[in-house]
Asker: 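I'd like to ask you about the structure that follows.
Atoms within a ligand are numbered from 1 in the order they appear, just like the ligands themselves.
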Amino acid sequence: MPEESLDHINFDKLNEKAISSPLVKHIYTADPSAHYYNGKIYIYPSHDIDAGEAFDDLGSHFAMEDYHVLSMDSIDGPAVDHGIALHVKDVPWAERQMWAPDAAYKGGKYYLFFPAKAHDGIFRIGVAVSDSPTGPFTPQPQAIKNSFSIDPAVFEDEDGSFYMYFGGLWGGQLQRWRNGSFNGKEPESPTAHLPNDDEMALMPKIAKMTDDLLEFAEKPKDALIIDENGNPLLAGDIKRRFFEAAWLHKYKGKYYFSYSTGDTHFICFAVGDNPYGPFTYKGRILEPVVGWTTHHSICKVDEKWYLFYHDSSLSKGVTHLRCIKVAEIEHLSDGTIKTLKPYRD
Ligand code: FUB
């Protein structure tokens, strides 16, 4: 992930114009997956650190080691840090890069889903279980069978079925799984193995979860994102195609799949009639933030809908030292979502 020069930005001015402030400032946080459990908001973010790794386009400098869970009694209240919920050293199969997690609740247990690079350098997705929403979480000894790539988002449908959406390009390795198994051929470059611009874009993956939420109940499938004419988005359509940061929420019976476009820095959404899609591209939820990455979740709290997102304002633009924020979003009567600008003009 390349660094863009932020020398021209006056961060004092930017923070005055920001539509929201960091939810916590004592640690760096990113990729916030928010859930509303028993009248309280729980946020499952990445915990950013500077581990001294060199910057590269594969995101090696995102060298996170653990997760902290945050909670809020109300959307305007302070966010409380509950400390380390899971550390990479306690996950037998994982070696490094604890990237964007998500959580789910079922039958009195809380499940933390997380991607990490295994000892062979391949990203897998694991699950860890706790009796408490804030952990500590006990990891399963192995990653989820047939899991790969990054950014798990687990959605519970109204019939009690759970589905995981996942995937991410470049450092997230999705392009190396195009033929169903990991393409270990060199080069380890972010753009090698990607489809050509006029080919179908790589699509996010979906798999139904088993009843115990510990495994996939089926082989992951493509969750297609299509354009207004019903055609799958193309790889060259970089302002609309999926890159990473999958999320799914349901609104008025429709399935809203939202995601980051990565190198064009938008959070976009597409709407479908069932959890598997296809999802028709509808527009943007969030314009670019300061920092290369953008990643979000959408959560309903007391009949209002909120976008949890991040930027790099707290670190004055250091891409891998981010801070999570929250802003209300509006579903419009035509089924779209009003686009948010993270900073006022
Ligand atoms: O936090 C590491 C990676 O950056 C996430 O997995 C991506 O979605 C991006 O936010």
Asker: Report the residues that fulfil salt bridge (charged side-chain N to carboxylate O under 4.0 Å, His left out) with Asp66, sequence neighbours left out, ordered by chain and then residue number.
Answerer: none
Asker: Between His35 and Trp247, what is the ring plane arrangement, given parallel below 30°, perpendicular above 60°, and tilted in between?
Answerer: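 Tilted.
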Asker: I'd like to know whether ligand 1 has His320 as a neighbour, heavy-atom separation below 4.0 Å.
Answerer: no
Asker: Knowing that exactly one of Lys252, Lys250, Lys254 qualifies, which makes a salt bridge (Lys or Arg N to Asp or Glu O under 4.0 Å) with Asp273?
Answerer: Lys254
Asker: Give the single entry among Thr319, Asp151, Thr29, Thr294 that approaches atom 6 (O) of ligand 1 most closely by any heavy atom.
Answerer: Asp151
Asker: Looking only at distances, please establish whether an N/O atom of ligand 1 is found under 3.5 Å from an N/O atom of Asp48.
Answerer: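 It does not: no N or O of Asp48 is found under 3.5 Å from an N or O of ligand 1.
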Asker: Return a yes/no value for His295: is any of its N or O atoms, backbone included, closer than 3.5 angstrom to an N or O of ligand 1?
Answerer: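 Checking ligand 1 against His295, an N or O pair does fall under 3.5 Å apart.
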Asker: Would you please determine whether Arg322 falls within less than 4.0 Å of ligand 1 on a heavy-atom basis?
Answerer: yes
Asker: Ring-plane angle category for His61 and His320, please: parallel below 30°, perpendicular beyond 60°, tilted otherwise.
Answerer: perpendicular
Asker: Strictly below 4.0 Å, N to O, side chains only: are Glu215 and Lys145 in salt-bridge contact?
Answerer: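 Salt bridge present between Glu215 and Lys145.
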Asker: Can you check which of Ile150, Asp31, Thr293 brings a heavy atom nearest to atom 1 (O) of ligand 1?
Answerer: Asp31
Asker: Not counting sequence neighbours, which residues clear salt bridge (charged side-chain N to carboxylate O under 4.0 Å, His left out) with Asp31? List them please.
Answerer: Arg322
Asker: Which atoms of ligand 1 sit under 4.0 Å from any heavy atom of Met64?
Answerer: 1 (O), 2 (C)
Asker: May I ask you to list the atoms of ligand 1 that are less than 4.0 angstrom from any heavy atom of Ala100?
Answerer: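 Within the 4.0 Å cut-off of Ala100, ligand 1 contributes 6 (O).
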